[in-house]
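Here the structure is laid out as structure tokens; the discussion comes afterwards.
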Amino acid sequence: MTESDPYRPTRDDHFTFGLWTVGNRGRDPFGVEARPALDAPYIVEKLSELGAWGVNFHDDDLVPFGTASQERVRIIAAFKHALADTGMVVPMVTTNLFGHPIFRDGAFTSHDPRVRAFALQKVMRNMDLGAELGAGIYVFWGGREGSEVDAGKSPIEALKRMREALNFLYAYNLDQGYGYTFALEPKPNEPRGDIYLPTVGHALAFIATLDHPEGYGVNPEVAHERMSGLNFSHGVAQALDAGKLVHIDLNDQQPGRYDQDFRFGQADPRAAFFLVKVLEDAGYTGPKHYDAHALRTEDEEGVWAFAAGCMRTYKILQDKVRRFNADPEIRAALERLDSRGSQGPTPPASYTRAGAEALKGASVDVDAIAAQGLGYERLDQLTTEILLGARRVCARAEARDGPGPTTGDDARQRRPRPRRSMRVSSGRLPPLLVALIARSVEVAATE
Ligand code: GLT
Ligand code: MN
Ligand code: MN
């Protein structure tokens, strides 16, 4: 990567990582840690070098559970030092309410009032620390708030307890003047057999039942919705529509598997493209947090390759979104869709009795409308070609052979590119094959 690299992240991209993400040591249910621990100040330094904007943490990521108070002070001072040195920020903090066995049957939803009290205490203490570090978002991921045995706990009672805890903590937020926005993070399962508030939709509906719904949003995670087989960008769109997208956990996931937390775009770059499109088109400027980790196969070098890759893929897809939005053929196709039916009856903008009567009497050419295709095949193929990098080649050919559109709006697109042509020796190959090989070499050289 060089300074002129168009895909190099900047602070303005608002990319963040958790201490637990790049700090993940590759432990899984079948194997022990495969990488040494990394110090929080070192993580801050490395992430800053790579172009990230911020770093997030659970209380126990920064100060391990049970640390003596003097050591706690030292750890926090060293962390603050690294932040000041690098200019990195802490936009979000959260609490580990899942690791310690005291939370084996949940924290806020535990049967035991002592566990619920301990959970509140743990959150308040970390809210104090987060506020000191300038965090504005507090994430609640209820990893252990769920069940394997429905005979053991009433799900209605569990939701009531969850509500009580959140209402209490939001009152603490107001009382202390911290100004946090609370973000609920849904997940369908893992580590529990079933987790309460399993999807974005469940979380949005639950927020409406809280004392201060205006103080809450959601923190959707790619992997979590995909584990449920859902279309993640639709969930994100619904959160945006509700004005509730306050944070987002980017990563990747094969549907139907264990929680993989892959590098952003690793498993399904096409779905990642449509996610970036939803975010960019809506003008989302909040934190873009990578809640993922390097594969267990990797050493430290692989960890930084993973982190750089997450951000780079977002930037590449951002560029693809610009190309998609500027592509004349795509624009024309979308305009055709928008202008459909401009001659016929349209639903009135709002209800009036007269409007309703007029609409009941209007004639609609059902057969003609039903016979009309939408053109999605061509549109989707154009999307594929943009994603595969073939659309630029196509536009160049048109520019050479006739009136040609440009397919992008960035400087690199307009700048004439030196032609890297490779000679293809014909030997005894048939002319058509030679032409095909020459064309594929040209396509590869433009990418
Ligand atoms: C944990 C989980 C994530 C949550 C984190 C916040 S912790 O890694 O898998 O999805 O975002 O508590
Ligand atoms: Mn996850
Ligand atoms: Mn997450």
Side-chain angles (χ1 to χ4, degrees), residues 17-18 20-21 24 27-29 56-58 60-61 92-100 103-110 119 123 137-150 153 155 158-159 161-163 165-166 182-207 210 216-239 242 244-264 266-268 271 275 287-293:
F17 289 82
W20 72 94
T21 63
N24 180 290
R27 197 181 60 187
D28 69 18
N56 308 314
F57 60 86
H58 298 87
D60 300 343
D61 302 336
M92 176 275 263
V93 281
T94 183
T95 331
N96 186 325
L97 297 175
F98 44 88
H100 196 283
F103 301 126
R104 67 175 72 188
D105 193 26
F108 299 158
T109 62
S110 167
V123 177
I137 299 170
Y138 209 98
V139 162
F140 293 87
W141 173 66
R144 295 281 173 195
E145 317 286 9
S147 69
E148 293 79 29
V149 176
D150 278 334
K153 197 186 280 180
L159 288 174
R161 287 184 186 148
M162 183 95 81
R163 182 177 303 113
L166 289 169
F182 282 9
L184 306 188
E185 180 177 344
K187 188 175 182 183
N189 57 275
E190 218 183 326
R192 299 312 298 266
D194 291 289
I195 297 178
Y196 306 126
L197 305 182
T199 69
V200 171
H202 290 80
L204 286 172
F206 184 68
I207 287 173
L210 299 171
Y216 291 76
V218 288
N219 175 37
E221 174 171 319
V222 177
H224 297 179
E225 300 298 294
R226 284 172 69 79
M227 282 170 77
S228 302
L230 298 176
N231 181 321
F232 184 65
S233 47
H234 289 194
V236 168
Q238 191 168 347
K244 291 289 186 199
L245 188 72
V246 295
H247 197 269
I248 189 162
D249 279 1
L250 302 173
N251 58 14
D252 215 349
Q253 170 78 30
Q254 299 274 13
R257 308 273 168 97
Y258 65 95
D259 182 14
Q260 293 172 307
D261 289 339
F262 281 154
R263 191 180 71 256
F264 181 58
Q266 175 180 335
D268 190 343
L275 169 61
K288 293 188 275 278
H289 171 74
Y290 293 100
D291 191 10
H293 55 78

To the closest 0.5 Å, what do you measure between [atom1] ([X]) and [atom2] ([Y])?
| X | Y | atom1 | atom2 | answer |
| --- | --- | --- | --- | --- |
| Q238 | N231 | CD | CG | 11.5 Å |
| S147 | D105 | OG | CG | 8.5 Å |
| L184 | K244 | CG | NZ | 9.5 Å |
| I195 | E145 | CD1 | CD | 9.0 Å |
| Q266 | N251 | CD | CG | 10.0 Å |

May I ask you to check whether D252 and Q260 show a side-chain donor-acceptor distance below 3.5 Å? no
Positive for salt bridge (Lys or Arg N to Asp or Glu O under 4.0 Å) with E148, one of R192, R104, K153: R192
Criterion salt bridge (Lys or Arg N to Asp or Glu O under 4.0 Å) against K187, the qualifying member of D259, D291, D249: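 Answer to the salt bridge (Lys or Arg N to Asp or Glu O under 4.0 Å) test with K187 among D259, D291, D249: D259.
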Candidate pair F264 and K288, rule side-chain contact (heavy atoms from CB on, under 4.5 Å), full reasoning: CA-CA 11 Å; F264 181 58; K288 293 188 275 278; over 6 Å; no
Close side-chain approach of [X] and [Y], heavy atoms under 4.5 Å:
| X | Y | result |
| --- | --- | --- |
| I207 | F182 | no |
| D268 | R226 | yes |
| N56 | D61 | no |
| P155 | Y196 | yes |
| L230 | F232 | no |
| V236 | L245 | yes |
| F206 | L166 | yes |

For the backbone of [Y] and the side chain of [X], can you confirm whether one donor and one acceptor N or O come within less than 3.5 Å of each other?
| X | Y | result |
| --- | --- | --- |
| E185 | V139 | no |
| E225 | V200 | yes |
| Q253 | F262 | no |

Is the distance between the ring centroids of F17 and Y290 under 6.0 Å?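 So the answer is yes for these two rings.
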Give me the atom names and distance for the closest heavy-atom approach of [X] to [Y].
| X | Y | answer |
| --- | --- | --- |
| A119 | A107 | CB-CB, 3.7 Å |
| A158 | T109 | O-CG2, 3.4 Å |
| A292 | L250 | CB-O, 4.3 Å |

Set out, in order, the CA-CA distance, both residues' side-chain angles and the distance that settles side-chain contact (heavy atoms from CB on, under 4.5 Å) for L97 and V123, then state yes or no. CA-CA 9 Å; L97 297 175; V123 177; 4.0 Å; yes
What verdict does the side-chain hydrogen bond (donor to acceptor under 3.5 Å, both in side chains) test give for H247 and N219, after you've listed the backbone C-alpha separation in whole Å, the side-chain angles of each residue and the deciding distance to 0.1 Å? CA-CA 5 Å; H247 197 269; N219 175 37; 2.9 Å; yes
Answer yes or no: are there more than 12 heavy-atom neighbours, outside E190 itself, under 6.0 Å from its atom CD?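 Atom CD in E190 is crowded, with more than 12 foreign heavy atoms closer than 6.0 Å.
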After noting the C-alpha distance and the side-chain angles of H289 and W20, does the key distance pass the ring-ring contact (aromatic ring centres under 6.0 Å, His included) rule? CA-CA 12 Å; H289 171 74; W20 72 94; 5.4 Å; yes
Check the angle between the aromatic planes of F140 and Y138 and answer parallel, tilted or perpendicular using the 30° and 60° thresholds.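 Answer is tilted, since the angle falls between 30° and 60°.
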Does the pair Y258 and D28 meet the rule for a side-chain contact (heavy atoms from CB on, under 4.5 Å), with working shown? CA-CA 11 Å; Y258 65 95; D28 69 18; over 6 Å; no
